[in-house]
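Take a look at the structure below.
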Amino acid sequence: MNPTDFKSREVERLVTGTPVSDGAGVRLSRVLTADLQHRLDPFLMLDEFRSDDPNDYLAGFPDHPHRGFETVTYMLDGRMRHRDNAGNEGLLTAGGVQWMTAGRGIIHSELPEQEDGLMHGFQLWVNLPSHNKMAEPGYRDIPDAEIPRYTSAAGNEVKLIAGQSDGHVGAVERPDTEPLYLDLTLPAGGHETLVIPAGHNAFVYVYQGEAQVGGRGQRVRQQQMAVLANQPDADGVTLQSTDGARLLLVAGRPLREPIAQWGPFVMNSRNEVEQAIDDFRNGRF
(Lines give C-alpha, C1' and ligand atoms only; values in the text may rest on other atoms or scores of the structure.)
Protein backbone atom coordinates (compact mmCIF):
# COMPACT_ATOMS: atom_id res chain seq x y z
CA MET A 1 0.00 0.00 0.00
CA ASN A 2 1.31 3.43 -0.93
CA PRO A 3 1.82 5.36 2.36
CA THR A 4 0.39 8.49 0.75
CA ASP A 5 -2.90 6.62 0.18
CA PHE A 6 -3.04 5.24 3.72
CA LYS A 7 -6.01 6.45 5.76
CA SER A 8 -5.50 6.27 9.51
CA ARG A 9 -8.02 5.66 12.23
CA GLU A 10 -8.25 8.60 14.63
CA VAL A 11 -8.22 8.57 18.41
CA GLU A 12 -11.74 8.37 19.79
CA ARG A 13 -10.77 8.85 23.43
CA LEU A 14 -7.82 8.70 25.82
CA VAL A 15 -7.83 6.53 28.93
CA THR A 16 -5.44 6.78 31.88
CA GLY A 17 -5.04 3.71 34.07
CA THR A 18 -6.51 3.46 37.56
CA PRO A 19 -4.25 2.28 40.43
CA VAL A 20 -5.61 -0.93 41.94
CA SER A 21 -4.44 -3.80 44.14
CA ASP A 22 -5.05 -7.37 43.01
CA GLY A 23 -4.01 -10.89 43.94
CA ALA A 24 -2.37 -10.89 47.37
CA GLY A 25 -1.74 -7.14 47.25
CA VAL A 26 0.06 -6.61 43.94
CA ARG A 27 -0.07 -2.97 42.90
CA LEU A 28 -0.88 -2.34 39.27
CA SER A 29 -2.60 0.02 36.84
CA ARG A 30 -5.93 -1.13 35.38
CA VAL A 31 -6.21 0.46 31.95
CA LEU A 32 -9.07 -1.41 30.27
CA THR A 33 -11.92 -1.50 32.78
CA ALA A 34 -15.40 -3.05 32.77
CA ASP A 35 -17.03 0.06 31.30
CA LEU A 36 -14.98 -0.44 28.10
CA GLN A 37 -15.68 -4.15 27.63
CA HIS A 38 -18.40 -3.67 25.03
CA ARG A 39 -16.59 -0.84 23.25
CA LEU A 40 -13.36 -2.87 23.00
CA ASP A 41 -14.99 -6.30 22.61
CA PRO A 42 -13.45 -8.97 22.65
CA PHE A 43 -11.03 -7.50 25.20
CA LEU A 44 -12.14 -7.56 28.82
CA MET A 45 -9.23 -6.11 30.78
CA LEU A 46 -5.69 -4.75 30.46
CA ASP A 47 -3.44 -4.35 33.48
CA GLU A 48 0.11 -3.00 33.58
CA PHE A 49 2.33 -3.92 36.51
CA ARG A 50 5.54 -1.92 36.84
CA SER A 51 7.58 -1.56 40.02
CA ASP A 52 11.10 -1.98 41.36
CA ASP A 53 9.76 -2.11 44.94
CA PRO A 54 9.41 -5.78 46.01
CA ASN A 55 6.64 -4.80 48.43
CA ASP A 56 4.48 -4.02 45.39
CA TYR A 57 4.71 -7.48 43.82
CA LEU A 58 6.31 -10.17 46.04
CA ALA A 59 3.00 -11.59 47.29
CA GLY A 60 1.99 -12.33 43.70
CA PHE A 61 -1.24 -14.03 42.70
CA PRO A 62 -1.82 -17.22 44.75
CA ASP A 63 -4.25 -19.92 43.60
CA HIS A 64 -7.32 -18.41 41.93
CA PRO A 65 -9.87 -19.63 39.36
CA HIS A 66 -10.88 -18.52 35.86
CA ARG A 67 -13.61 -19.57 33.45
CA GLY A 68 -14.81 -18.36 30.06
CA PHE A 69 -11.89 -16.37 28.60
CA GLU A 70 -8.15 -16.28 27.88
CA THR A 71 -5.39 -14.55 29.84
CA VAL A 72 -2.32 -13.24 28.01
CA THR A 73 0.61 -12.22 30.20
CA TYR A 74 3.50 -10.41 28.52
CA MET A 75 6.59 -9.91 30.66
CA LEU A 76 9.06 -7.13 29.85
CA ASP A 77 11.19 -7.43 33.00
CA GLY A 78 11.22 -9.95 35.82
CA ARG A 79 10.25 -13.59 36.31
CA MET A 80 6.89 -15.17 37.21
CA ARG A 81 6.20 -18.85 37.98
CA HIS A 82 2.92 -20.36 36.75
CA ARG A 83 1.31 -23.49 38.21
CA ASP A 84 -2.21 -24.81 37.62
CA ASN A 85 -4.49 -27.67 38.58
CA ALA A 86 -4.15 -29.22 35.11
CA GLY A 87 -0.51 -30.01 35.93
CA ASN A 88 1.04 -27.21 33.89
CA GLU A 89 4.05 -25.34 35.21
CA GLY A 90 6.22 -22.72 33.55
CA LEU A 91 8.53 -19.81 34.23
CA LEU A 92 7.65 -16.58 32.43
CA THR A 93 10.84 -14.57 31.87
CA ALA A 94 11.70 -11.21 30.34
CA GLY A 95 10.27 -10.81 26.85
CA GLY A 96 8.12 -13.93 27.08
CA VAL A 97 4.38 -14.50 26.86
CA GLN A 98 2.07 -16.87 28.69
CA TRP A 99 -1.16 -17.60 26.80
CA MET A 100 -3.71 -19.43 28.93
CA THR A 101 -7.19 -20.53 27.84
CA ALA A 102 -9.30 -20.91 30.96
CA GLY A 103 -12.18 -22.51 29.08
CA ARG A 104 -14.49 -24.49 31.39
CA GLY A 105 -12.30 -23.79 34.39
CA ILE A 106 -8.76 -23.65 35.68
CA ILE A 107 -7.15 -22.79 39.02
CA HIS A 108 -3.67 -21.34 38.81
CA SER A 109 -1.09 -19.27 40.63
CA GLU A 110 1.31 -16.64 39.32
CA LEU A 111 4.13 -15.99 41.78
CA PRO A 112 7.22 -13.79 41.29
CA GLU A 113 10.47 -15.73 41.21
CA GLN A 114 12.65 -12.83 42.29
CA GLU A 115 13.14 -10.92 45.51
CA ASP A 116 14.19 -7.56 44.11
CA GLY A 117 14.59 -5.66 40.87
CA LEU A 118 12.13 -4.42 38.28
CA MET A 119 8.92 -6.34 37.60
CA HIS A 120 7.20 -4.99 34.50
CA GLY A 121 4.60 -6.44 32.20
CA PHE A 122 0.97 -6.65 31.13
CA GLN A 123 -2.00 -8.95 31.46
CA LEU A 124 -4.68 -8.85 28.79
CA TRP A 125 -8.00 -10.73 29.05
CA VAL A 126 -9.50 -11.92 25.76
CA ASN A 127 -13.09 -13.14 25.75
CA LEU A 128 -14.11 -16.52 24.35
CA PRO A 129 -17.21 -17.01 22.19
CA SER A 130 -20.15 -18.80 23.77
CA HIS A 131 -19.39 -22.05 21.92
CA ASN A 132 -15.87 -22.19 23.41
CA LYS A 133 -16.45 -20.97 26.96
CA MET A 134 -16.65 -24.55 28.26
CA ALA A 135 -13.75 -25.87 26.16
CA GLU A 136 -10.87 -27.79 27.71
CA PRO A 137 -8.35 -25.46 29.40
CA GLY A 138 -5.06 -24.84 27.61
CA TYR A 139 -1.70 -23.30 28.47
CA ARG A 140 1.31 -22.23 26.45
CA ASP A 141 4.59 -20.62 27.47
CA ILE A 142 6.27 -18.68 24.65
CA PRO A 143 9.84 -17.53 25.41
CA ASP A 144 11.11 -14.27 23.96
CA ALA A 145 13.25 -16.05 21.36
CA GLU A 146 10.18 -17.77 19.87
CA ILE A 147 8.18 -14.58 19.29
CA PRO A 148 8.56 -13.36 15.69
CA ARG A 149 10.09 -9.96 15.01
CA TYR A 150 10.48 -8.01 11.82
CA THR A 151 11.81 -4.64 10.71
CA SER A 152 9.15 -2.59 8.97
CA ALA A 153 9.63 -0.66 5.75
CA ALA A 154 10.00 2.46 7.91
CA GLY A 155 12.87 0.79 9.81
CA ASN A 156 11.08 0.10 13.10
CA GLU A 157 11.27 -3.06 15.22
CA VAL A 158 7.95 -4.88 15.49
CA LYS A 159 7.46 -7.80 17.88
CA LEU A 160 4.44 -9.83 16.78
CA ILE A 161 2.84 -11.68 19.67
CA ALA A 162 -0.43 -12.59 17.94
CA GLY A 163 -2.10 -12.24 14.56
CA GLN A 164 -0.61 -11.17 11.24
CA SER A 165 1.10 -7.94 10.25
CA ASP A 166 2.84 -6.89 7.02
CA GLY A 167 2.97 -10.49 5.76
CA HIS A 168 4.37 -11.85 9.01
CA VAL A 169 2.63 -14.34 11.31
CA GLY A 170 2.73 -13.96 15.08
CA ALA A 171 3.48 -16.52 17.77
CA VAL A 172 -0.27 -17.09 18.33
CA GLU A 173 -3.29 -17.15 16.04
CA ARG A 174 -6.76 -17.56 17.51
CA PRO A 175 -10.09 -18.21 15.79
CA ASP A 176 -13.24 -16.17 16.42
CA THR A 177 -11.57 -13.15 18.05
CA GLU A 178 -8.60 -13.05 15.59
CA PRO A 179 -6.44 -10.93 17.95
CA LEU A 180 -3.61 -8.75 16.71
CA TYR A 181 -1.09 -7.99 19.48
CA LEU A 182 2.20 -6.30 18.74
CA ASP A 183 4.91 -4.40 20.56
CA LEU A 184 6.40 -1.53 18.51
CA THR A 185 9.58 0.41 19.16
CA LEU A 186 9.68 3.89 17.60
CA PRO A 187 13.02 5.75 17.68
CA ALA A 188 13.17 9.52 18.04
CA GLY A 189 11.58 11.00 14.93
CA GLY A 190 10.22 7.61 13.90
CA HIS A 191 6.93 6.97 12.15
CA GLU A 192 4.93 3.87 11.27
CA THR A 193 1.73 2.81 9.52
CA LEU A 194 0.13 -0.42 10.70
CA VAL A 195 -2.79 -2.14 9.01
CA ILE A 196 -5.76 -3.09 11.22
CA PRO A 197 -8.44 -5.45 9.86
CA ALA A 198 -11.68 -3.65 9.06
CA GLY A 199 -14.27 -4.18 11.77
CA HIS A 200 -11.75 -4.95 14.51
CA ASN A 201 -11.91 -2.92 17.70
CA ALA A 202 -8.45 -1.55 18.47
CA PHE A 203 -6.38 0.46 20.93
CA VAL A 204 -2.83 1.71 21.37
CA TYR A 205 -1.14 1.71 24.77
CA VAL A 206 2.03 3.80 25.19
CA TYR A 207 4.19 2.36 27.97
CA GLN A 208 7.39 4.30 27.33
CA GLY A 209 7.89 7.81 25.97
CA GLU A 210 5.19 9.62 24.05
CA ALA A 211 3.56 9.11 20.66
CA GLN A 212 1.38 10.93 18.18
CA VAL A 213 -1.45 8.65 17.09
CA GLY A 214 -3.77 8.96 14.07
CA GLY A 215 -3.81 11.22 11.05
CA ARG A 216 -4.35 14.27 13.25
CA GLY A 217 -1.41 13.32 15.49
CA GLN A 218 -3.21 13.01 18.84
CA ARG A 219 -0.64 13.24 21.63
CA VAL A 220 -0.62 10.08 23.78
CA ARG A 221 1.54 10.19 26.88
CA GLN A 222 3.23 7.36 28.73
CA GLN A 223 0.72 5.05 30.46
CA GLN A 224 -2.21 6.30 28.38
CA MET A 225 -4.42 4.16 26.14
CA ALA A 226 -5.80 5.57 22.90
CA VAL A 227 -9.08 3.94 21.84
CA LEU A 228 -9.13 3.99 18.04
CA ALA A 229 -12.27 5.00 16.16
CA ASN A 230 -13.96 2.40 13.96
CA GLN A 231 -13.84 4.37 10.73
CA PRO A 232 -15.12 2.06 7.95
CA ASP A 233 -12.82 3.56 5.31
CA ALA A 234 -9.64 3.51 7.44
CA ASP A 235 -6.75 1.18 6.63
CA GLY A 236 -5.12 1.09 10.06
CA VAL A 237 -3.26 3.57 12.21
CA THR A 238 -0.43 6.07 11.76
CA LEU A 239 2.07 6.40 14.63
CA GLN A 240 4.86 8.91 15.17
CA SER A 241 7.17 9.87 18.00
CA THR A 242 9.31 12.97 18.38
CA ASP A 243 11.51 11.65 21.18
CA GLY A 244 10.98 7.90 20.88
CA ALA A 245 8.33 5.55 22.26
CA ARG A 246 7.42 1.94 22.95
CA LEU A 247 3.81 0.93 22.62
CA LEU A 248 1.36 -1.92 22.26
CA LEU A 249 -1.15 -2.16 19.42
CA VAL A 250 -4.03 -4.51 20.20
CA ALA A 251 -6.98 -5.27 17.93
CA GLY A 252 -9.60 -7.99 17.70
CA ARG A 253 -12.81 -9.04 16.01
CA PRO A 254 -15.77 -8.30 18.31
CA LEU A 255 -17.94 -11.23 19.40
CA ARG A 256 -21.05 -9.10 19.95
CA GLU A 257 -22.34 -11.44 22.65
CA PRO A 258 -23.70 -10.66 26.13
CA ILE A 259 -21.02 -10.27 28.82
CA ALA A 260 -21.82 -11.47 32.35
CA GLN A 261 -18.85 -11.15 34.72
CA TRP A 262 -18.31 -11.92 38.37
CA GLY A 263 -14.64 -11.47 39.20
CA PRO A 264 -12.67 -14.26 37.49
CA PHE A 265 -15.67 -15.75 35.67
CA VAL A 266 -16.86 -14.26 32.36
CA MET A 267 -19.90 -15.91 30.80
CA ASN A 268 -22.92 -14.88 28.72
CA SER A 269 -25.60 -14.94 31.44
CA ARG A 270 -26.03 -14.61 35.18
CA ASN A 271 -27.13 -18.25 35.42
CA GLU A 272 -23.87 -19.35 33.79
CA VAL A 273 -21.87 -17.24 36.24
CA GLU A 274 -23.76 -18.72 39.18
CA GLN A 275 -23.02 -22.19 37.80
CA ALA A 276 -19.33 -21.29 37.57
CA ILE A 277 -19.31 -20.16 41.21
CA ASP A 278 -21.06 -23.38 42.29
CA ASP A 279 -18.69 -25.55 40.25
CA PHE A 280 -15.66 -23.83 41.77
CA ARG A 281 -16.95 -24.06 45.34
CA ASN A 282 -17.73 -27.74 44.90
CA GLY A 283 -14.44 -28.75 43.35
CA ARG A 284 -15.62 -29.31 39.80
CA PHE A 285 -12.90 -27.22 38.12
Side-chain angles (χ1 to χ4, degrees), residues 9 11-13 15 17 22 30-48 65-74 97-106 108 121-140 142 147 160-165 169-183 194-205 225-232 234 236-237 247-270 272-273 276:
R9 297 193 190 198
V11 175
E12 181 179 295
R13 72 178 94 169
V15 178
D22 208 340
R30 183 146 296 161
V31 186
L32 199 169
T33 49
D35 60 308
L36 286 168
Q37 287 178 344
H38 287 283
R39 174 60 188 83
L40 289 174
D41 175 18
F43 305 110
L44 301 164
M45 188 187 79
L46 176 68
D47 286 345
E48 179 181 18
H66 291 299
R67 173 180 280 183
F69 61 98
E70 300 186 288
T71 66
V72 184
T73 308
Y74 176 30
V97 170
Q98 173 201 100
W99 198 291
M100 188 182 78
T101 303
R104 63 178 176 79
I106 199 165
H108 77 145
F122 310 91
Q123 187 166 97
L124 177 71
W125 287 12
V126 187
N127 206 359
L128 284 169
S130 57
H131 65 268
N132 276 340
K133 283 189 175 293
M134 296 298 286
E136 285 296 311
Y139 168 82
R140 184 180 171 195
I142 311 168
I147 300 175
L160 188 52
I161 295 167
Q164 299 185 22
S165 180
V169 179
V172 175
E173 288 191 281
R174 303 296 291 146
D176 301 305
T177 54
E178 302 172 4
L180 172 65
Y181 188 171
L182 58 81
D183 181 355
L194 293 166
V195 173
I196 300 171
H200 277 40
N201 289 328
F203 64 86
V204 171
Y205 183 70
M225 176 175 73
V227 177
L228 301 180
N230 291 337
Q231 297 156 249
V237 65
L247 54 88
L248 306 177
L249 171 65
V250 179
R253 190 172 73 83
L255 295 171
R256 297 187 175 91
E257 295 180 351
I259 299 171
Q261 179 176 1
W262 186 84
F265 309 129
V266 183
M267 305 301 289
N268 296 115
S269 70
R270 178 175 175 175
E272 290 173 333
V273 169

Heavy-atom closest contact ([X] atom, [Y] atom, distance):
X    : Y    : answer
W125 : G263 : CZ3-O, 4.0 Å
R9   : P197 : NH2-O, 3.2 Å
R67  : K133 : CG-O, 4.4 Å
R140 : V172 : NH1-CG2, 3.8 Å
A202 : A251 : CB-CB, 3.7 Å
V31  : L36  : O-CD1, 4.3 Å

Check whether [X] reaches the backbone of [Y] with its side chain - one donor and one acceptor, N or O, closer than 3.5 Å.
X    : Y    : value
Q37  : L44  : yes
N201 : G252 : no
H200 : E178 : yes

Can you list everything that forms a side-chain hydrogen bond (donor to acceptor under 3.5 Å, both in side chains) with E173? Sequence neighbours excluded, please.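 Testing E173 for side-chain hydrogen bond (donor to acceptor under 3.5 Å, both in side chains), a comparison that skips the adjacent residues, returns Q164.
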
Atom pair [atom1]/[atom2] of [X] and [Y] - distance to nearest 0.5 Å:
X    : Y    : atom1 : atom2 : answer
I259 : M267 : CD1   : CE    : 12.5 Å
I147 : D183 : CD1   : CG    : 9.0 Å
L255 : R253 : CG    : CZ    : 7.0 Å
Q261 : N127 : CD    : CG    : 9.0 Å
E48  : M225 : CD    : CE    : 12.0 Å
D22  : M45  : CG    : CE    : 7.0 Å

I want to check something: taking the side chain as every heavy atom from C-beta on, are [X] and [Y] in contact at a cut-off of under 4.5 Å?
X    : Y    : answer
I161 : I142 : no
L40  : L46  : no
N230 : R39  : yes
Y74  : L248 : yes
L180 : L160 : yes
F43  : V126 : yes
Q231 : E12  : no

I'd like to know if E70 pairs up with R174 as an ion pair, taking the criterion as any Lys NZ or Arg NE/NH1/NH2 lying under 4.0 Å from an Asp or Glu carboxylate oxygen.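 Judged by the 4.0 Å cut-off on N to carboxylate O distance, E70 and R174 do form a salt bridge.
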
Aromatic plane relationship, F265 with W262 - under 30° parallel, 30 to 60° tilted, over 60° perpendicular: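 Parallel.
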
Option from T73, T71, D47 for which side-chain hydrogen bond (donor to acceptor under 3.5 Å, both in side chains) with Q123 holds: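 Only one option passes, and that is T73.
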
Stepwise side-chain contact (heavy atoms from CB on, under 4.5 Å) test for L32 and F203: CA-CA 10 Å; L32 199 169; F203 64 86; 4.0 Å; yes

